There are 2 protein chains.
Amino acid sequence: MVMNNAREQLIETTAALVEAQGYHATGLSQILKESGTPKGSLYYYFPAGKEELAAEAIAHTAQLLVKRATEALAADDDPAAAIPEFIRTIAHYVEASDFAAGGPLITVALESVTCSERLNLACQDAYRRLQEVFAAKLQAGGYSATQATHLASFVTAAIEGGTLLSRTAHSCAVLRQIADDLGVFLHIMPKS
Amino acid sequence: MVMNNAREQLIETTAALVEAQGYHATGLSQILKESGTPKGSLYYYFPAGKEELAAEAIAHTAQLLVKRATEALAADDDPAAAIPEFIRTIAHYVEASDFAAGGPLITVALESVTCSERLNLACQDAYRRLQEVFAAKLQAGGYSATQATHLASFVTAAIEGGTLLSRTAHSCAVLRQIADDLGVFLHIMPKS
DNA sequence: GTCTATACGGTGATAGAC
DNA sequence: GTCTATCACCGTATAGAC
């Protein structure tokens, strides 16, 4: 499909800013300034305004997240090794951004609960798709479908919580510890 | 110590609103309206304005969190039983608020990283104190000091991540699963 | 069809009345 | 000391020029 450049630019800039600052903290003027897009274009491409733009940005983020996770998890056949390694990659990413990025959904996910059903649904969908990637990997590693789904939730929660604590503390020690702990946990967990 | 009523009221209202909506989404006018405090009082008690008020609200939240966690964990001598039970209590709380509350620090913790050092420090301190409660419980349960600290981080991350996913999904199934999983994990984890 | 200029409401903050 | 009335600014959204 043909992608309009201004539209794509707008979505990517929004995704990046929202990841760093959150939804309410990110103003349209900042988005327009950083993306180099004129104000009117925004309402041409996104008639419903900021909320619609943010929802598209979340969908874009979800797509990227699924792609990255899938690729990273393919590096090792054993999910108990691949998942911790993926988490260490996230830790690198968080550090490289000076703790301004990582967990691109966290803030919006929480803000959206009390402010926008549209955004909330976009976040639900994003997390669901991410968990499916983990679940597929776990199932391929020998876990039953229900157990894989179950563990995928646990892994996602640990990653999100770990990213949150790491960004807050300006140190990814927690995230790396979690990677190790999850490795142990997955090794021990019986496959039934 | 004598606590000024208007000041306390302001702090508690801010803590509640910020927990539900986040820092940037919560306006001063809403805080004043809900607390029934006149506008001028705010700047008398908190000369530095919203940021100072929010920092005090975070400190207040931390105090409450530590108190609740300590009390809840005292219910069972075994940390591997007490911690999951505490998490189930959180799940109740999240549901009772219709997913508008729970994880009172998450949003501010993340927003603060790129916006306010003062708030960020308040959040760091809050998480540190909460983790100390878990660590103390784990150490009393037989873990070494270093292992207790280590596991306390993992527990905190799992709780925060689980609360995030539960609020987003409008279902505490994830949080309850995490409670069970952590119970298993702590039972298996060798005490050294 | 694409964008510039403008409107309007609400934000955080303050000066000064009681 | 406590609060009311007002400010300057930035937020999102739109109308209409090219």
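Below, read A as the first sequence line, B as the second, and so on, with proteins coming before strands; counting in each chain starts at 1. The shown structure was predicted, so the numbers you read here are calculated from the model rather than taken from an experiment. The analysis underlying the following values was restricted to heavy atoms, covering all of them including side chains, and did not include hydrogens, waters or symmetry mates.
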Original post:
If you pin B/A6 and A/G49 to their nearest nucleotides in DNA chain D, which one's is more 5'?
Top reply: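 Nearest-nucleotide comparison on DNA chain D picks B/A6.
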Between [N] atom [atom2] and [X] atom [atom1], what is the distance in whole Å?
X     : N      : atom1 : atom2 : answer
A/K33 : C/dC3  : NZ    : P     : 20 Å
B/I31 : C/dA13 : CD1   : P     : 11 Å
B/L32 : D/dA5  : CG    : C1'   : 14 Å
A/L28 : D/dT14 : CG    : C1'   : 13 Å
A/L53 : D/dT12 : CG    : C1'   : 12 Å
B/Y44 : C/dT14 : OH    : C1'   : 16 Å
A/L10 : C/dT2  : CG    : C1'   : 13 Å
B/E51 : C/dG12 : CD    : P     : 13 Å

Would you say [Y] ends up clustered with [X] if hydrophobic residues are merged whenever their side chains have heavy atoms under 4.5 Å apart, either directly or through other cluster members?
X      : Y      : answer
B/L164 : B/L65  : yes
B/I58  : B/I31  : no
B/Y23  : B/L53  : no
A/L175 : B/Y127 : yes

**OP:** With the side chain of B/S29 defined as its heavy atoms from C-beta on, choose the nearest nucleotide among C/dT11, C/dC3, D/dT2.
**Re:**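 Looking only at heavy atoms from C-beta outward on B/S29, the closest nucleotide is C/dT11.
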Less than 4.0 angstrom between a side-chain N/O of [X] and OP1 or OP2 of [N], yes or no?
X     : N      : value
A/K50 : D/dT12 : yes
A/Y43 : D/dT14 : no
B/S41 : D/dT2  : no

Original post:
Does the pair B/D98/B/R167 count as a salt bridge with the N-to-O cut at 4.0 Å?
Top reply: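 Result for this pair is no, no salt bridge flagged.
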Original post:
For B/T37, which contact category applies under a 4.0 Å heavy-atom criterion: base, sugar-phosphate, or nothing?
Top reply: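 Contact class for B/T37: none.
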